[in-house]
Amino acid sequence: MTSVCVFLGSSTGSNPANAEATIALAHELVARDLTVVYGGGAVGLMGLLADTALEAGGRVVGMIPRNLFSREVAHQGLTELIETDGMHERKALMYDRSDAFIALPGGIGTLDELAESATWRQIGVHHKPVGVLNIDGYFTHLLAWLDRVVDDGLLSSENRAQIHEAETPGELLDLFLADDGGTAPKWDS
Ligand code: AMP
């Protein structure tokens, strides 16, 4: 594992625990010599992640769709900023350039990216670890919903187990290292 993609809010939000967790994750990634891959924004928790990792001497790669966000939104101080022709190309590149995916607290954009990276893992498009940092119980309801989906037979317990969860960055990255990249069968037959 040499690079980790982080999905997180383009807003800062109101809970200081989310900013603290963003800073802690940035430091942990840099301490482990992992390149940070993210959506390329200078705003919100996204900007905080990038600034913190860069200040700590880390490498940060951002992918941002050309013409979709205003110029001020793109972070101009990254190790590498890649402009793409749209959201789909951007996502494909984020997935290609990363060895694992972490969701920190965020909004609909974060949920979309988490859901897509987990979907792609369960159908074997990639074999990379996916997980959430459950800061201050932020993802507890989502994780409980996933358990309900398993109970109702719409998600296998093996695929559910591929969505890792932890409360600290170090714990989550250790779970990733133990992930064998396997793909459980999505369908019974
Ligand atoms: P949200 O959670 O709705 O704030 O959206 C955050 C996620 O969507 C990030 O992980 C980004 O990849 C993408 N995204 C949303 N807004 C922006 C933005 N202004 N600049 C760059 N990426 C964004």
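Since the model is a prediction, treat every value here as computed from it, not as a measurement. As the structure lists them, so they are numbered: ligands from 1, and atoms in each ligand from 1.
Contact annotation: for Val73 versus ligand 1, heavy atoms closer than 4.0 Å belong to the side chain alone. The residue Asp112 has no part lying near ligand 1, judged by heavy-atom distances below 4.0 Å. Contacts of Arg90 with ligand 1, taken as heavy-atom pairs under 4.0 Å, involve the side chain alone.
The protein heavy atom nearest to atom 7 (C) of ligand 1 is Glu113 OE1, 3.3 Å. Regarding atom 3 (O) of ligand 1, its nearest protein heavy-atom neighbour is Gly109 N, 2.9 Å. The protein atom (non-hydrogen) at minimum distance from atom 6 (C) of ligand 1 is Leu8 O, 3.2 Å.
Close contacts of ligand 1 with Met46, meaning ligand atoms under 4.0 Å from a residue heavy atom, involve 9 (C), 11 (C), 21 (C), 22 (N), 23 (C). Listed by atom number, the atoms of ligand 1 under 4.0 Å from Gly106 heavy atoms are 2 (O). Shown in contact with Phe7 at under 4.0 Å from a heavy atom are these atoms of ligand 1, numbered in order with element: 10 (O). Ligand-side atoms of ligand 1 in range of Gly39: 12 (O), 21 (C), 22 (N), range being under 4.0 angstrom from any heavy atom.
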**Asked** Going through the checks in order, is the salt bridge (Lys or Arg N to Asp or Glu O under 4.0 Å) test met by Lys128 and Asp179?
**Response** CA-CA 8 Å; Lys128 302 169 181 178; Asp179 185 322; over 6 Å; no
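How far CG of Leu133 is from CD of Glu28: 10.0 Å, rounded to the nearest 0.5 Å. The structure places CG of Leu104 at 8.5 Å from OG1 of Thr110, a figure rounded to the nearest 0.5 Å. Atoms CZ and CD, from Arg121 and Gln162 in turn, are 4.0 Å apart once rounded to the nearest 0.5 Å.
Heavy atoms of Gly9 approach ligand 1 to within less than 4.0 angstrom.
Contact check for Leu93 versus Ile82: side-chain heavy atoms found under the 4.5 Å cut-off.
Shown here for Ser3 and Ser98, the closest heavy-atom pair between the two residues is OG-CA, 3.3 Å.
Note: His126 and Trp120 have tilted aromatic rings, judged against thresholds of 30 and 60 degrees for the angle between ring planes.
Residue Gly107 has at least one nitrogen or oxygen atom sitting less than 3.5 Å from a nitrogen or oxygen atom of ligand 1, judged on distance alone.
Tyr38 and Phe7 have their aromatic ring centers separated by at least 6.0 angstrom.
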